[in-house]
Amino acid sequence: MLYEASSLAVKKISNGFAELHFCSPGAVNKLDRVTLLALEEAITQLEQQHELRGLLITSAKPHFIVGADITEFLTLFSLPEAQLTAWLTQINHLFCRIERLPYPTLVALQGHALGGGCELALAVDYRIADQTLRIGLPETKLGIMPGWGGTVRLPRLIGSAPAATLIATGKEQTGAEALQLGLIDAITSTEKLRDIGLRMLEMAANKELDWQARRRQKQEPLALGSIEARLGEQTILARVFQQVGPHYPAPIQAVRTLFSSRQMSQDAALVQERQDFIRLTRTPEANALVGNFLNEQFIKNKAKSLAGQHKTSAVAVLGAGIMGAGIAYQSASRGIPVWLKDIRRSALQLGMAEVTAILTKALAREAITVHELTQTLQIITPTQSNEHIAQPDLVVEAVVENKAIKQQVLTETEQKLAAHGILTSNTSTIPISELASVLRCPESFCGLHFFNPVPKMPLVEVIRGAQTSSDTIERVVAYALALGKLPIVVNDGPGFFVNRVLFAYLSGFRLLLAEGQDPYRIDQIMEQRFGWPMGPARLLDTIGLDTAHHAAQVMAQGFPERMALHGVDPVALLYAAGRLGQKSQQGFYRYRLDSRGKPREEPDTELAHLWYPPTQPVPCCSDDAIEARMMIPLLTEVVRCLEEEIIATPAEADMALLAGLGFPAFRGGPCRYLDQFGLSRFIDLLDDYAALGPLYSATPRLSAMANQGEHFYSGGSHA
């Protein structure tokens, strides 16, 4: 053994070769600071072995290296620039030492080789892989860019344009895609991977492969290329900007760095990459996107801990509407048998047609096979009878959002439910404890709030009623995880967490409309300036103005001071006029189907006359004021929910709105956004709008935190 540490080992093997074997004690190999120090010591030993003929790099894990340790990022990013520069320089020097070993090197890749793992592989002479390979540089998804040579070596290996596209998108490549790009040299089976690697290494050592030419290719500047090639680079930059927009600087910066440094020497290009990497680490976008990743891991780990060993063997879904059909599809697609029940045969037919449509679209994009489509349909049993209700261990009620109807369905279902069965409701606003008041076993009942469309939306709110047992919560969280969802447990109340916060936001919108402000201008400001995927008018049209109107009434009853609109209510007027949004082809917008059958909206310039006299002047309201008046109600309601323990932590509040509402990811969720905005500054902003009433007032916790200079997050904390 030449060298051994907890995460890697180096030993001499046959034919004068050495093997560097990554073997982290954790579930996967990561290039954390401990592993990088060990790698540095291992390379020092290898540099002294002058008799070696080659180095084979392998992994003891199913995945090669999943990247750097992201849990260390926020701490590293907060370092003074000189310290961060020294850290990056040390790693760059280490990878260059690997690249300059006095004998050929080869890495055998399997599973994920991402981020720093991919950059390490790029420093090696030859790369081979098995069919499980997923390789890429996903750093731009975290608001940063490759910082360990990725923008330098990759374009010299596969060309500037393909490298720019791969880095800007952060997309993982399969083994076949990587081979076609020239990113790897061969694909073989897992069983033969090591043997083929040794055979290629033997060929390189015997000069049958020109490994030194391969090194020079990565170390020398790239040719400038033709005018057409340079114009192509500008096209790539323009395309990247069009895809990511103005709020995500990392993809643009990474591509600019790659193009600007491709004519430099390797050393100069690494310096350029390092400087640009550090600049990105200082951006609020990087802090937010890394924070999102850490929050998601925190929530997944919390959910897994709650779920324990619970399994869901079968479910029943009551109600075959869009939501019920989506829940049935999601369950069956994960191998969980489903009884889809509705009292109307026509509804069952529509529900099964919806499931089939979802599966057909997945088949068209090659996400599933014909066998998987058939298998999924076979384990969904449509029924109009209650006779099967005793068989599943979990029931999801997804009928119309009406308290009396839901209570009737829940009462009838409970009578048929097996003794161990769990009953849940997919209600979006009605308090769980109110629904539970008619049940014999309220401890076996909780809320299970999916978001529409179910197959696409990752969030599920698991709502704990006043009498819900811990066992019920654990089993329902286990079911949500089995569906591939992100479950967040919240406490009971009107709208729970996400819809309560949403309707505070929409209350701000309704106030602006009642004053005569243009809904289309508001949409534009909230989409283009703040970064929401949909402005409030588009969102309401998508939800359905009938659904939104009924939910707003529930919220107004629950929180009359803040969410009861006194005077004209534009949403209620649209609903009364039969303008229900996309479902009726007119809401705030008018809709027509394009050539592909998708709804396209057109503004209706006469719309505001429904609630605002055309002769009455509209008060002047700046873009800043509209953004503030929309966001203040949402942000303060989030803090109220934390104060009232509706939701447990800032991390869960942030991820719930990111995954459930599409809160702009580059802003990191409402709590991280408040931290970055500054709580004292936010209190001052509230003072400017205090005359608008309780919807714009500070909460006790917010005032106290601002006075004491506190934050929702401290470094990478979830507190």
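Within the 3.5 Å criterion, the main-chain N or O of H63 finds no donor-acceptor partner in the side chain of Q110. A side-chain donor-acceptor contact under 3.5 Å links E119 to the backbone of G150. Between the side chain of T165 and the backbone N or O of A161 there is at least one donor-acceptor pair closer than 3.5 Å. Side-chain atoms of D654 come within 3.5 Å of backbone atoms of C671 as a donor-acceptor pair (strictly under, hydrogens ignored). A donor-acceptor pair is defined here as one N or O able to donate and one able to accept, closer than 3.5 Å; such a pair exists between the side chain of K61 and the backbone of G26. At least one donor-acceptor pair closer than 3.5 Å links the side chain of D32 to the backbone N or O of T35. Under the 3.5 Å distance criterion, the side-chain polar atoms of E527 are left unmatched by any main-chain donor or acceptor of Q524. Judged purely by atom type and a 3.5 angstrom limit, K218 has no side-chain atom pairing as donor or acceptor with the backbone of P155. Panel note: side chain R282, backbone F77; a donor-acceptor pair is recorded below 3.5 Å. A side-chain donor-acceptor contact under 3.5 Å links E461 to the backbone of F497.
L635 has its side chain out of reach of V639: every pair of non-hydrogen atoms, C-beta onward, lies at least 4.5 Å apart. Residues P251 and I167 form no side-chain contact, since every pair of their non-hydrogen atoms from C-beta on lies 4.5 Å or further apart. Contact check for Q219 versus R153: no side-chain heavy atoms found under the 4.5 Å cut-off. By the 4.5 Å heavy-atom criterion applied to side chains, M630 and L511 are not counted as neighbours. Here the side chains of L270 and F95 are not in contact, with every heavy-atom distance at 4.5 Å or above. Taking 4.5 Å as the limit, some side-chain heavy atom of I43 sits within range of a side-chain heavy atom of L39. For the pair Q676 and N287, the minimum side-chain heavy-atom distance is below 4.5 Å. Within the 4.5 Å cutoff, side-chain heavy atoms of L120 are placed close to those of F22.
Between the side chains of Q173 and Q180, no donor-acceptor pair is found at a separation under 3.5 Å. Of the N and O atoms on the side chains of N92 and T89, not one donor lies less than 3.5 Å from an acceptor on the other residue. There is no side-chain donor-acceptor pair under 3.5 Å between E273 and T257. Using a 3.5 Å distance cut-off with no hydrogens or angles, the side chains of N29 and S24 do not pair a donor with an acceptor. With 3.5 Å as the limit, one finds no donor-acceptor pair spanning the side chains of T75 and E72. Using modelled atom types and a 3.5 Å distance limit, the side chains of N295 and Y713 yield a donor-acceptor pair. In this model, no donor atom of one side chain and acceptor atom of the other lie less than 3.5 Å apart for N301 and Q297. With no hydrogens or angles considered, no side-chain donor-acceptor pair links Q266 and E220 at under 3.5 Å.
Checked against a 6.0 Å centroid threshold, the rings of Y673 and F530 count as neighbours. Side-chain rings of W148 and F277 stay apart, their centers remaining 6.0 Å or farther from each other. Taking the six-membered ring for Trp, Y520 and F588 have ring centres at least 6.0 Å apart. Separation of the F298 and F293 ring centroids does not fall under the 6.0 Å cut-off.
Taking the centre and axis of the six-membered ring of F503, the NZ or CZ atom of R500 falls outside the cone set by 45° and 6.0 Å.
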Practice task
Apply the test side-chain contact (heavy atoms from CB on, under 4.5 Å) to residues T85 and I278: give CA-CA distance (whole Å), side-chain angles for both, the deciding distance (0.1 Å), then the verdict.
Solution key: CA-CA 8 Å; T85 300; I278 291 171; 3.1 Å; yes
Practice task
Give the intermediate values and the outcome of side-chain contact (heavy atoms from CB on, under 4.5 Å) for residues L37 and V34.
Solution key: CA-CA 5 Å; L37 285 172; V34 171; 5.9 Å; no
Practice task
Start with the C-alpha gap between Q272 and D276, add the side-chain angles, then the distance that decides, and say whether side-chain hydrogen bond (donor to acceptor under 3.5 Å, both in side chains) holds.
Solution key: CA-CA 6 Å; Q272 181 69 58; D276 293 342; 3.1 Å; yes
Exercise for the section: Go through the steps to decide whether I135 and F64 satisfy the test side-chain contact (heavy atoms from CB on, under 4.5 Å), and finish with yes or no. Expected result: CA-CA 10 Å; I135 188 168; F64 176 62; over 6 Å; no
Problem - CA sep, side-chain torsions, deciding dist, call: R100, D267, salt bridge (Lys or Arg N to Asp or Glu O under 4.0 Å) - result: CA-CA 13 Å; R100 293 163 189 171; D267 287 344; 3.6 Å; yes
Practice task
Could you walk me through whether R629 and Y689 pass side-chain contact (heavy atoms from CB on, under 4.5 Å), step by step?
Solution key: CA-CA 8 Å; R629 288 187 58 178; Y689 296 99; 3.7 Å; yes
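Expressed to the nearest 0.5 Å, how far CG of L133 lies from CG of L183 amounts to 8.0 Å. Residue R529 holds its CZ atom at 4.5 Å from CG of D624, rounded to the nearest 0.5 Å. Taking OG1 of T699 as the reference point, atom CE of M705 lies at 9.0 Å (rounded to 0.5 Å). Going from atom CD of Q517 over to atom SG of C620 covers 8.0 Å, rounded to the nearest 0.5 Å. Rounded to the nearest 0.5 Å, atoms CE (M655) and CD1 (I647) are 11.0 Å apart. Remark: Q528 CD to D523 CG distance equals 10.0 Å, nearest 0.5 Å.
Here the closest non-hydrogen pair linking S160 and R262 is OG-CD, 3.3 Å. Of all heavy-atom pairs spanning L294 and T71, the tightest one is CD2-CA, 3.7 Å. Looking at every heavy atom in both residues, V255 comes nearest to A168 through CG2-CB, 3.7 Å. Contact record, F259 with A164: CZ-CB, 3.8 Å, taken as the closest heavy-atom pair. The heavy-atom pair separating F666 from G531 by the smallest distance is CE2-CA, 4.1 Å. Heavy-atom minimum distance, P533 versus G662: CD-O, 3.0 Å.
Enclosure of atom NE2 in H247 by more than 12 non-hydrogen atoms of other residues, nucleotides or ligands within 6.0 angstrom is indicated.
Between F663 and W532, the two ring planes are perpendicular [angle over 60°; tilted spans 30° to 60°].
Remark: E285 does not engage R667 in a salt bridge, criterion side-chain N to carboxylate O under 4.0 Å. Between E643 and R640 there is no salt bridge, since none of the side-chain N atoms of the basic residue sits less than 4.0 Å from a carboxylate O of the acidic one.
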